[in-house]
Student: 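Sharing a structure with you now.
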Amino acid sequence: MITVSSVRLVDADGEMIGVVTIDQALEKAAQAGLDLVEISPNADPPVCKVLDYGKLKFQEQKKKSEARKKQKVIEVKEIKMRPNIDTHDYDVKMRAIRKFIGEGDKVKVTIRFRGREMAHQQLGMQLLNRVRDETIEETKIEHPATMEGRQMIMVLAPIK
């Protein structure tokens with residue numbers, strides 16, 4: 001698969017052999033019972049290494065799976081409230097917000113307005129300001145309170 005006439009060859013131990021023809025490189029790989037793998041095709045001349053190609057692919061796959069294990073998927077959890085929420089219901093929602101933030105997830109706080117509640121949007125703003133003030137130590141505001149149709153939305157993110 002290597003189409004150039006000469007390559008810079010590195011043997012199986014990692015020692016630089018130098019610039020050799022492709023036939024000599026393939027012969028060295030055959031003597032070692034390994035494969036000739038093009039490591040850096042854009043170099044001049046391209047760098048090839050004598051190694052076990054199956055083992056190389058396996059190690060790359062392990063690195064990818066290890067990186068996938070270590071990454072944390074951040075979810076956006078949504079808490080919905082109404083502008084005239086009762087104190088106990090509010091406390092329950094705040095416990096849920098603190099739990100989500102503690103787990104490292106973002107929280108989208110939504111205030112739903114129905115009917116005549118639209119005339120009292122300041123109540124929703126006061127409620128979101130109260131949520132912001134109570135969680136100010138452990139969160140930062142990713143998206144400030146804004147009206148979107150009949151909903152007022154604010155997004156909180158955990159401080160790392």
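Throughout, residue positions are numbered sequentially from 1 according to the sequence presented. Both backbone and side-chain heavy atoms feed into the values below; hydrogens, waters and symmetry mates do not.
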Student: According to a hydrophobic-cluster definition based on side-chain heavy atoms being under 4.5 Å apart (Ile, Leu, Val, Met, Phe, Trp, Tyr only), do M16 and V20 belong together?
Tutor: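 No, separate clusters.
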
Student: Between M125 and V155, is there shared hydrophobic-cluster membership here, with clusters defined by ILVMFWY side-chain heavy atoms closer than 4.5 Å?
Tutor: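 No; V155 is not reachable from M125 via cluster members.
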
Student: Measuring from N129:CG to Q122:CD, what's the distance to the nearest 0.5 Å?
Tutor: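 That separation rounds to 12.0 Å.
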
Student: Which distance, rounded to the nearest 0.5 Å, do you find between the OG of S6 and the CG of D23?
Tutor: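 The CG atom of D23 is 11.0 Å from OG of S6, to the nearest 0.5 Å.
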
Student: Which atoms form the tightest heavy-atom contact between T135 and V131, and what is the distance?
Tutor: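 Heavy-atom minimum between the residues: OG1-O, 2.9 Å.
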
Student: Any Lys/Arg nitrogen of E134 or R130 sitting under 4.0 Å from an Asp/Glu carboxylate oxygen of the other?
Tutor: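 A salt bridge links E134 with R130.
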
Student: Is the closest basic N to carboxylate O distance between K140 and E142 below 4.0 Å?
Tutor: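 Looking at E142 together with K140, the answer is no, because their closest N to O distance does not fall below 4.0 Å.
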
Student: I need the L51 CG to Q59 CD distance, nearest 0.5 Å.
Tutor: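 Between atom CG of L51 and atom CD of Q59 there are 9.0 Å.
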
Student: Sequence neighbours left out, what passes side-chain contact (heavy atoms from CB on, under 4.5 Å) with I79? Give chain and number order.
Tutor: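 For I79 the side-chain contact (heavy atoms from CB on, under 4.5 Å) partners, ignoring immediate neighbours, are M81, K93, A96, I97, F100, V107.
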
Student: Please determine whether a side-chain nitrogen of the Lys or Arg among E117 and R82 lies less than 4.0 Å from a carboxylate oxygen of the Asp or Glu.
Tutor: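 Salt bridge: yes.
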
Student: Working to the nearest 0.5 Å, report the span between CD of Q151 and OG1 of T146.
Tutor: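 One gets 10.5 Å once the value is rounded to the nearest 0.5 Å.
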
Student: Where do G124 and P83 come nearest, in terms of heavy atoms and distance?
Tutor: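 Between these two residues, the closest heavy atoms are N-CB, 4.3 Å.
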
Student: Tell me which one of D13, L36, V10 satisfies side chain to side chain contact (heavy atoms under 4.5 Å, CB included) with V50.
Tutor: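 One option only clears the test, and that one is L36.
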
Student: State yes or no: do I153 and L123 share one hydrophobic cluster built from I, L, V, M, F, W and Y residues joined by side-chain heavy-atom distances below 4.5 Å, directly or via other members?
Tutor: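 In one cluster with I153: L123, no.
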
